[in-house]
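Shown next, in structure tokens, is the structure this report addresses.
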Number of protein chains: 6
Amino acid sequence: MSLPERAALVVSAHSADFVWRAGGAIALHAEQGFKMKIVCLSYGERGESAKLWRKGAMTIEEVKRVRREEAEQAAQILGGDIEFWDLGDYPMRVDDGVLFRLADLYRALRPAFVLSHSLKDPYNFDHPLATHLAQEARIVAQAHGYRPDAPVIGAPPVYLFEPHQTEQCEWRPDILLDISPVWERKRRAIEAMKGQEHLWDYYTRVALQRGVQAARNSDRKVTYGEGYQRIFPHVTGTLA
Amino acid sequence: MSLPERAALVVSAHSADFVWRAGGAIALHAEQGFKMKIVCLSYGERGESAKLWRKGAMTIEEVKRVRREEAEQAAQILGGDIEFWDLGDYPMRVDDGVLFRLADLYRALRPAFVLSHSLKDPYNFDHPLATHLAQEARIVAQAHGYRPDAPVIGAPPVYLFEPHQTEQCEWRPDILLDISPVWERKRRAIEAMKGQEHLWDYYTRVALQRGVQAARNSDRKVTYGEGYQRIFPHVTGTLA
Amino acid sequence: MSLPERAALVVSAHSADFVWRAGGAIALHAEQGFKMKIVCLSYGERGESAKLWRKGAMTIEEVKRVRREEAEQAAQILGGDIEFWDLGDYPMRVDDGVLFRLADLYRALRPAFVLSHSLKDPYNFDHPLATHLAQEARIVAQAHGYRPDAPVIGAPPVYLFEPHQTEQCEWRPDILLDISPVWERKRRAIEAMKGQEHLWDYYTRVALQRGVQAARNSDRKVTYGEGYQRIFPHVTGTLA
Amino acid sequence: MSLPERAALVVSAHSADFVWRAGGAIALHAEQGFKMKIVCLSYGERGESAKLWRKGAMTIEEVKRVRREEAEQAAQILGGDIEFWDLGDYPMRVDDGVLFRLADLYRALRPAFVLSHSLKDPYNFDHPLATHLAQEARIVAQAHGYRPDAPVIGAPPVYLFEPHQTEQCEWRPDILLDISPVWERKRRAIEAMKGQEHLWDYYTRVALQRGVQAARNSDRKVTYGEGYQRIFPHVTGTLA
Amino acid sequence: MSLPERAALVVSAHSADFVWRAGGAIALHAEQGFKMKIVCLSYGERGESAKLWRKGAMTIEEVKRVRREEAEQAAQILGGDIEFWDLGDYPMRVDDGVLFRLADLYRALRPAFVLSHSLKDPYNFDHPLATHLAQEARIVAQAHGYRPDAPVIGAPPVYLFEPHQTEQCEWRPDILLDISPVWERKRRAIEAMKGQEHLWDYYTRVALQRGVQAARNSDRKVTYGEGYQRIFPHVTGTLA
Amino acid sequence: MSLPERAALVVSAHSADFVWRAGGAIALHAEQGFKMKIVCLSYGERGESAKLWRKGAMTIEEVKRVRREEAEQAAQILGGDIEFWDLGDYPMRVDDGVLFRLADLYRALRPAFVLSHSLKDPYNFDHPLATHLAQEARIVAQAHGYRPDAPVIGAPPVYLFEPHQTEQCEWRPDILLDISPVWERKRRAIEAMKGQEHLWDYYTRVALQRGVQAARNSDRKVTYGEGYQRIFPHVTGTLA
């Protein structure tokens, strides 16, 4: 008899957000045996594909196809299990059908934790919308009267991954995750996102800075890190 | 050959703060094998001994003696190792001698974590002063040029325990500690503080509320809890 | 000739919120001669009726019926005048028809004050939505061009009652209301909510804590209290 | 060959907001050669036309007509180029058609900067909605995949003008603009808003207070000022 | 037999702060029968007497003398009872002797409420220091072990009066006090401060703005107002 | 006849802070003709010289000597004019003599702007103390009654440079300064700080990240940047 599989859920507004912001966590927990389910709400086809559009003679369908291929490749490198909901971006819009679809996924997956965007982002309104959706679907999935035949979920913690400009987004890292063991895979996944090459080094530097900070805030030797902000208090049996 | 002893440090402004606010953590970690060093900066002889003063015919020395006895008994029940620095209260004042004494204690104890008060408290200025001292001594103990012959400490996390009126103190629990296994000991320690009987039930209710919240924020069954706010980000290798 | 009746408005997301969070204020002002109008936007049938759903063989209509009966009984005990708008919960959704219905109620009732939920609640998105509705309907009812034939309302203060986890909801009590004179009625109303028995003692302890705090922040003798946060500045002719 | 015209965009929820809150900036930059495009999302016909409604025998169309005339006159005095989108007020509602219309205006206008309302306003929910729209349309206009044939815009700074009660709106002036050279025009524009005469002196005093503050925060002689809050960091080559 | 006199305490960093910021409250409560005790910690002789210094041939003693005369006259007009502690300004420094002196004054006066400065002020460090002193002395005066022979005080509310630039000081008015009945006296007191004539109209405009806001936030007719921020929750038996 | 020299003041807690955090601004404005006065309150001899202390056989005087040489070299590279006040570090302590010395320097230098540390830093208490000193001395230097024979200063803006962990320090960049033209000099100054080689790449990455952000928030091409937070509002005659 096999052990029940553990899982986690990543709600990514655009198809590359999960790579820059949570690629380390995905690879790390995939190695720890977690099923890492990544939901890309959109391909980022309008707002985060400048390089493709600049080529000219491009259609929205072609941009989506390329973005999807890159994201699938990145997810594969990270060990994640990706799906694309193709909701559109800039602006993203979410109706209750999407909400219930995500609530049902919570029920089916029963994630041990959830990753999504910062609560605010003046540069990008799709990001906080994705988080709002991730939070509201979690609440619905906890309700006994929603699809009463399916068991409710517990209270998986929600971690907010790092936005592009942290201070302007009022995002503060409560957690520094040591991703050194999987850095090489994260970097390969980053490089799979060929359309956003201008971000490769930016997010490599982010990882290095968070690594330095992680070492400074602990007695661990850390080279690469990812920062996360918690929404809910952490329940524990020890402070050590 | 014995294992190196693990330790933690509790910096308490007055002699009973460690009981109401951190008694569960002290008992819990003492049971886990930690040396729980409690520093009472004062006895709370002026500001937190109303019942004794109301008896009349009381001297400051007599109040201190009673408070000390009660606190020693409470510490013993919790398994903590208490010392009294007798700095005076209402107002507490701290000079650099005290700062260095505490820095030296950090160096000697090498605590795995530190507990102290909230950063603000409009009802009690001794509380944030104690935390400021605990933080500054930690910084000094990290400096290579301070007493260069003694090894510096690393970066022990600092947890802020719960003040009397959380919202007015801008204190927010990031952590809910399950103290159910040691609750009975915490309650006995509380009852050792005979001079503040009006707080016994107040802090029992605090523990019950935090327990309900801990259960609600996790899949654990928790009856009694204590809340803590982190100062520094938590460095970890897993989000699960 | 009778004096004009004074009134107040309570906007409650689910059918029991008004009991836990504002039952004391309702009973107190009902005794002071206020018409206490309670609008339950939903029965909390999906998200706050776990005990009923756990019985099995339950339908949404049956849950609503039971919740309605309990809430009616609680309102009667408190002296409130309740109505149910049956908008659904988890998630609650509000359209402009609902907004205008509430604006019209403001116009008809002319409340001296308004009670609703905290501005944020990461555990429950229906709560801040209810407050948003209560605020926006108040603004519409103040507009001379909205149904110009009906007289506009003034500027009734809006008080936010206490959420389940105050610190996570960024809620801070600006006001502590002494509900000792009506506590026995509030407790009976609480016990009318048979489906949420797990909350009876939780909110009894909340009342006791706020009572202790009220006594500590004044020279009054207070045993039971309720906390409220103000949205707008209080206009007064005296600071005493 | 003429120089390319520089432009700025003012997004005003109601037809008079641009006068009280940004009239100085409009006149000042119009004199500096900017095309100052003012978009009035509504006439403020329901919520900000009390004086007209009080006359009795008034229709919504008549109120709009008068408000439009006053606003056109004010814009002319200030040197602004006004258009009215007639979306309705109290409550204002914005759909994606409006969003794209504004995004297209960004693309056509290519504003050097954007002015809109504070992020919060508990007295007026149309105001933050206007700002949200102004921000989201800016983001859409930056997206290469939105109408890919039209060139994207850069990153024009967004300035939030002063709300009626700054502290309650959590608005803080990062910038004090010296409007002394154009004050006389701003006052005339204010006086063109005949329906809101009760605000003439209020906003004259606001200008005087901001003027005193501007003088106090610099070595300039300033009599009249306007305050603005920045959303994004200011990029510069000098701190002097 | 006479009724016990009610009293209030105003802690003013410099000799004119009580006039601009709390003159209305002083006059109003003096008329209501309160003994309004004003403690001027300094004359503001260095930092707030520019006009005198600009005359030339001035000594610090002469500046103090003039400032004292003006402040005494203003206090008399307002009906306040003033004393000068001559602690010096720019920078003000406070030792424990001053703290105990103020604590003793609390014990003797038993104020029903306390007025002092905002908690922060980047333009003036004496202001928050005065508030810190006012708060700490209040705490000491509440301690049973401080001068145990004198009865402790209760918990008088502390109100923070309005600083010069509210938003930069993170000050928010929770209370708008209607000072219309005493405005004429406040204006006369303002005019007694001959050395700071540049502030006369500034604070007249402040009073008018707060008056407009007070009217807007209530159903009262208010012309002149003063804003106050509360430190502690208000304990009450009614929300109406 | 020569033009009056323009100047700016940098208040640095430890001898290398000005390099990492403000080296670009120093070099840039030195090239623009500013006299860039750097005050190093301490050498950072205890807390920021780990590498030297690890060598063994080190004395505090030797550490200071080395740190001074490095800092002098860095200042020379940047074009700054450095002085050392040798106040000690970890903990730094400042008395009124130091305050007046700095106030006198303000009077003599008449800086166009001032650079110092973030307002909070839980990792380093010397940093906010340096800023507090820089602010208070500025206030004293503005007071007409302080050394009345020397002319008062105006209101130079205060910019807070970037701390090591921005989010934990509640620091937010309002300004991104393009330091690309002087980057090569800043890097050389960084490399002059031989005792802190572990920070060379960290602060190079900081400059690159701020450069990317500066480009993204403007239409400028920026490679290297420095972030600054303003304390006071910026007074200006244009928003463009």
Side-chain angles (χ1 to χ4, degrees), chain A residues 6-8 10 22 24-26 28-29 31-34 36 110-115 142 152-159 161 172-182 210-211 213-222 225-240, chain B residues 6-8 10 22 24-26 28-29 31-34 36 110-115 142 152-159 161 172-182 210-211 213-222 225-240:
Chain A
R6 288 189 303 169
V10 184
I26 294 168
L28 200 66
H29 292 90
E31 290 197 356
Q32 292 173 12
F34 279 81
M36 297 303 296
R110 308 190 68 74
F113 59 90
V114 184
L115 308 182
Q142 290 174 325
V152 299
I153 63 164
V158 178
Y159 300 103
F161 41 63
R172 204 189 78 143
D174 301 319
I175 290 174
L176 295 170
L177 182 70
D178 179 3
I179 61 163
S180 311
V182 297
R210 296 300 174 197
Q213 293 169 10
R216 189 182 186 230
N217 281 275
S218 71
D219 302 323
R220 302 168 69 116
K221 223 171 125 51
V222 183
E226 276 175 358
Y228 291 92
Q229 180 176 325
R230 287 190 71 102
I231 296 269
F232 301 103
H234 176 55
V235 181
T236 180
T238 178
L239 299 174
Chain B
R6 290 188 302 169
V10 185
I26 295 168
L28 200 66
H29 292 89
E31 290 197 356
Q32 292 173 13
F34 279 81
M36 297 302 295
R110 309 189 69 73
F113 59 89
V114 184
L115 309 181
Q142 290 174 325
V152 299
I153 63 164
V158 178
Y159 300 103
F161 42 62
R172 203 190 79 141
D174 300 319
I175 291 174
L176 295 170
L177 182 69
D178 179 3
I179 62 164
S180 311
V182 297
R210 295 300 175 196
Q213 293 169 10
R216 190 182 184 233
N217 281 275
S218 70
D219 301 322
R220 302 168 69 114
K221 220 171 126 53
V222 183
E226 276 175 358
Y228 291 92
Q229 180 177 326
R230 288 189 71 101
I231 296 269
F232 302 104
H234 176 55
V235 181
T236 180
T238 178
L239 298 174

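In what follows, chains are A, B, ... by sequence order, proteins preceding strands, each numbered from 1. Side-chain atoms are counted along with the backbone in the values below, which use heavy atoms only and exclude waters and symmetry mates.
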**Study point:** Heavy-atom pairs under 4.5 Å with chain A, option from B:G237, B:G227, B:A112, B:S180 with the top count
**Key:**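 Between B:G237, B:G227, B:A112, B:S180, the count favours B:G237.
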**Study point:** Residue among B:D219, B:D174, B:V235, B:L239 with most heavy-atom pairs under 4.5 Å to chain A
**Key:**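 The residue among B:D219, B:D174, B:V235, B:L239 with the greatest pair count is B:L239.
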Practice item. Return the option, out of A:L28, A:D178, A:I175, with the maximum number of heavy-atom pairs under 4.5 Å with chain B. Key: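 Looking at each option in turn, the highest pair count goes to A:I175.
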Check your understanding: Using a cut-off of under 4.5 Å for heavy-atom pairs, which of A:G154, A:A240, A:P173 has the most such pairs with chain B?
Key ->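 Counting heavy-atom pairs under 4.5 Å, the top option is A:A240.
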In Å and rounded to the nearest 0.5 Å, what is the [atom1] to [atom2] distance from [X] to [Y]?
X: A:I26; Y: A:I179; atom1: CD1; atom2: CD1; answer: 10.5 Å
X: A:Y228; Y: B:T236; atom1: OH; atom2: OG1; answer: 11.5 Å
X: A:T238; Y: B:H29; atom1: OG1; atom2: NE2; answer: 3.0 Å

Check your understanding: Does the A:E226 side chain pair with the main chain of A:L176, one donor and one acceptor, at a distance under 3.5 Å?
Key ->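 No, A:E226 side chain to A:L176 backbone: no donor-acceptor pair under 3.5 Å.
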Review point. Is a side-chain donor or acceptor of B:R110 paired with a backbone partner of B:V152 at a separation under 3.5 angstrom?
Key: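 Confirmed, B:R110 side chain pairs with B:V152 backbone.
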Which atoms of [X] are under 4.5 Å from chain B, going by heavy atoms: the side chain, the backbone, both sets, or neither?
X: A:A214; result: both
X: A:L177; result: both
X: A:L115; result: side chain
X: A:N217; result: both

Practice item. Compare all side-chain heavy atoms of A:R230 with those of A:P157 and state whether any distance is below 4.5 angstrom. Key: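 When only atoms from C-beta onward are counted, A:P157 and A:R230 do touch, with a gap below 4.5 Å.
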